[in-house]
Amino acid sequence: MRLFSELNWLKAPLDRDIIHRWTVGGDGPAESASRHALRLPEPADPERFQFLALGDTGDSESSGPHLSPQDAVARFMAEDAGLPNGLGPAAFLLHLGDVVYMAGERRLYDRNFRQPYADFLTPESTVDQLVFRFPFLPVPGNHDYYDFAGWGVRLGSLPVLGAGVRALAHELFAYNMPRGGSEMGGAYMRAFVDLQADTAAAALPYLPGSATRLPNRYYRFRYGSVDFFALDSNTLDAPSPSTSVAQVRAEAQRRVRVLESRARVLADKLKRDQEALARWRKLQRKKTARDPERLVKVAQAVEALHQALTRLEQTLAAGAAAVSDCAGARERIGTAARRWKEAADDLRQAQSHRDAGRALAALEDEQDEVSAAVQTAEGCLAALPEGPERAAILAARTEAETAREGWIAVRTVEPLPEQLCTRLGRLAEQGLDVQRELARERRRMRFRPEDHDSAQLRWLDAALAASIQERPDGWRVVYLHHPLFSTIVNHCEHPDIQGIRENLLALLRDRVHLVLSGHSHAFEWLRAAPLPHAGLFITGGGGQITLRRSVLHPRMRKRHIDRCQALRTAGVVESAVSGYGPAAADGAAGPLYHYLRIEVTPEALRVCPVGVRRAGAGYRREAPMPAFNVPSLSESEPPWRSGRLEAVEIRRGRAPRAIWV
């Protein structure tokens with residue numbers, strides 16, 4: 001079976017569906033601006049304050065029982081936030097989208113949002129009733145809108161060459177196969193937006209600790225000397241209504257054919273490597289089956305996992321019997337525990353190495369169901385407030401995940417082949433990129449003029465004009481998920497970014513001082529001629545586990561010379577990039593996750609990136625943050641050098657200036 005044997009397993013809703021379903025109060029010309037207005041408490045000093053920003057998080061599940069990059073970033077941000085246990089002065093946090101990976105599933109909001117950001121939430125919060133004690137202001141990303149087709153859901157439970165896709169994805173691909181999706185953005189909207197907002201009110205009040213809903217999928221608020229404009233960029237890439245419908249659909253159809261061809265090539269490569277992995281696993285089972293000492297260790301690990309599953313089942317039964325999600329999880333985990341024990345009994349009773357090999361193969365197959373069953377505990381945890389019951393279930397789930405890792409660690413004589421794992425991981429990333437592009441182009445094959453989010457663009461134009469008229473000397477900050485420019489390889493000059501840029505540039509030119517976005521899994525600061533006095537930042541390294549390279553990297557430049565030229569043509573003048581390197585001064589070279597700390601003063605906006613890198617069993621803060629700098633995008637060999645970026649300073653009427661130390 002091919003992993004990508006069907007080429008449209010990832011689905012993105014049509015723009016018009018998002019526009020009509022999730023714009024609170026409608027999107028007609030008579031729409032009141034109050035339906036998109038949020039009112040925050042006033043700062044102590046309106047001229048001087050700090051706030052935080054990050055994007056592309058929601059990936060804690062991929063780290064299992066270990067501290068995830070998202071957990072680590074969240075802990076450092078909590079230290080910088082104005083919380084009771086925080087040390088810093090930051091007044092609020094902007095989340096730039098892709099809140100929950102892979103496809104915005106409600107069940108993952110507990111693991112991939114509520115747990116990392118527990119310091120920002122009240123103890124009484126549940127996934128269905130998030131209450132923040134610190135202003136936490138998100139916009140939706142593309143993953144917050146994705147869904148999986150029926151085939152994609154079935155894929156999560158089908159075996160691939162003796163090892164399930166779900167287990168394979170978790171171990172090698174750094175993600176878990178979803179079992180559904182975002183409900184066309186519904187999970188995000190129910191988590192953060194007041195869907196019954198009083199549209200007659202002047203602005204929806206945001207009261208930390210009691211009422212912390214947003215007024216809409218895009219909105220504005222004023223804090224001190226800064227006006228903030230939050231956009232839903234998922235509906236801003238559609239062409240103008242005046243564009244030829246036939247032309248857009250024909251171009252999309254052409255792109256789909258190209259992408260489907262690419263998906264087939266990836267499927268062939270994945271099949272080849274999966275077969276190699278299957279042969280390696282078969283050989284490992286034979287070696288393990290002939291090794292009495294290792295069989296003893298395997299049997300101990302198998303028994304430990306069975307006991308952990310049993311305890312998790314019992315904890316669910318004792319702690320939350322009245323919650324339907326908990327009852328369903330208990331039943332699923334109980335079934336998995338019994339099936340796991342049956343396979344374990346076969347191993348214990350094996351009379352020959354062949355019997356042991358067959359039992360090991362059966363255990364590998366059952367491992368997939370064990371993984372899926374343990375994940376059902378997320379739905380139960382999502383429905384419970386903080387307290388002893390939830391803590392007991394969390395502890396039991398962690399024990400089960402740790403025991404599962406123990407079984408994986410001893411079941412083979414040799415470690416997984418590093419080269420094969422690297423190749424499979426790279427192919428999986430490329431496959432996800434193709435699926436993301438296919439989802440977009442299949443959507444555009446059904447393009448209609450109403451896909452263009454004219455209402456949001458009109459609202460932004462009017463809101464910026466009002467801000468300039470009311471406070472000509474105030475600061476204006478726009479934040480959204482998709483960037484206007486990016487040098488990161490899987491997003492650089494892609495059609496979605498180009499479409500959003502085409503729709504927004506004219507509205508933003510000479511009107512905004514700072515544009516914050518995510519989407520690309522890296523840190524980027526870009527200086528661009530079309531917005532010469534604006535700071536353009538990408539903060540897409542907030543915890544999503546896989547960081548990406550820039551096309552400006554010396555190893556990538558020749559392969560992507562056309563994209564480098566496209567960046568120059570689009571007006572990009574300078575870039576700073578971090579994430580996939582650079583190394584720290586002491587030689588530490590692991591992935592560099594990050595967030596932004598923005599300082600507001602009357603004279604300048606000062607954007608300070610804060611790096612977060614693994615250090616032993618934990619993580620450390622790196623500020624000033626190591627970054628690569630391309631000070632000039634020349635046509636031949638643009639310079640590529642590393643340094644430590646302390647901040648980028650933005651002043652009115654001047655080009656942003658980077659401060660390197």
Is it true that [X] and [Y] make a salt bridge, defined as a side-chain N closer than 4.0 Å to a carboxylate O?
X	Y	result
D144	R217	no
D110	R390	yes
R644	E622	no
R107	D325	no
E418	R423	no
R75	E79	no
E399	R397	no
E61	R111	no

When rounded to the nearest 0.5 angstrom, what is the spacing between [atom1] in [X] and [atom2] in [Y]?
X	Y	atom1	atom2	result
L38	N216	CG	CG	11.0 Å
D194	L214	CG	CG	9.0 Å
I488	M556	CD1	CE	9.0 Å
Q314	Q307	CD	CD	10.5 Å
L592	R614	CG	CZ	13.0 Å
F76	Y619	CZ	OH	10.0 Å

Derivation and outcome, side-chain contact (heavy atoms from CB on, under 4.5 Å), residues I333 and T376:
CA-CA 8 Å; I333 291 165; T376 62; 4.1 Å; yes
Taking [X] for the side chain and [Y] for the main chain, is one N or O donor matched with an acceptor at less than 3.5 Å?
X	Y	answer
D71	S68	yes
S517	F537	yes
W340	V302	yes
N629	S642	no
H594	V610	no
R114	S125	yes
D128	A383	no
E524	V577	no
Q544	T546	yes
S182	Y145	yes

Minimum heavy-atom distance [X]-[Y], with the two atoms named:
X	Y	result
A382	T126	O-CB, 3.4 Å
L305	A400	CD1-O, 3.7 Å
P65	T398	CB-CG2, 3.9 Å
A308	A403	CB-CB, 4.0 Å
P13	D147	CG-OD2, 4.5 Å
A658	W525	CB-CZ3, 3.6 Å

Any [X] side-chain heavy atom under 4.5 Å of [Y] side chain:
X	Y	result
L93	Y117	no
F229	L480	no
V477	L516	yes
H491	R548	no
Q50	D80	no
E369	R332	yes
L384	V323	yes
E599	R597	yes

Would you say [Y] and [X] are linked by a side-chain donor-acceptor pair, where the criterion is simply a distance under 3.5 Å?
X	Y	value
Y109	N112	no
H66	E405	yes
W407	Q367	yes
S486	H519	no
S60	S63	no
S371	R404	yes

Parallel, tilted or perpendicular: rings of F49 and Y223 (30°, 60°)
perpendicular
Could you check whether the rings of Y146 and H143 sit parallel, tilted or perpendicular, using 30° and 60° as the cut-offs?
perpendicular
Using salt bridge (Lys or Arg N to Asp or Glu O under 4.0 Å), reason through R613 and D586 one step at a time and then give a plain yes or no.
CA-CA 12 Å; R613 195 181 329 240; D586 62 2; over 6 Å; no
Given side-chain contact (heavy atoms from CB on, under 4.5 Å), test L121 with V131 step by step and report yes or no.
CA-CA 6 Å; L121 292 159; V131 179; 5.9 Å; no
Check N142, I538, D232 against H482 for a side-chain contact (heavy atoms from CB on, under 4.5 Å) and give me the one that passes.
N142
Worked verdict on Q430 versus V434 for side-chain contact (heavy atoms from CB on, under 4.5 Å)
CA-CA 6 Å; Q430 293 171 0; V434 167; 5.6 Å; no
Report the C-alpha separation of T57 and H95 in whole Å, then their side-chain angles, then the decisive distance to 0.1 Å, and conclude whether the side chain to side chain donor-acceptor pair (under 3.5 Å) test is met.
CA-CA 9 Å; T57 58; H95 193 297; 2.8 Å; yes
Kindly state whether the ring of F523 and the ring of Y580 have centres lying under 6.0 angstrom apart.
no
Determine whether more than 12 heavy atoms belonging to other residues, nucleotides or ligands lie under 6.0 Å from atom CD of E303.
yes
Among F132, F221, F136, Y206, find the residue that satisfies the ring pair (Phe, Tyr, Trp, His ring centres under 6.0 Å) test when tested with F92.
F221
Pair H494, R436 - check side-chain contact (heavy atoms from CB on, under 4.5 Å), show working.
CA-CA 11 Å; H494 273 211; R436 177 180 56 81; 3.8 Å; yes
Start with the C-alpha gap between F51 and Y479, add the side-chain angles, then the distance that decides, and say whether ring pair (Phe, Tyr, Trp, His ring centres under 6.0 Å) holds.
CA-CA 13 Å; F51 64 95; Y479 62 104; 8.6 Å; no
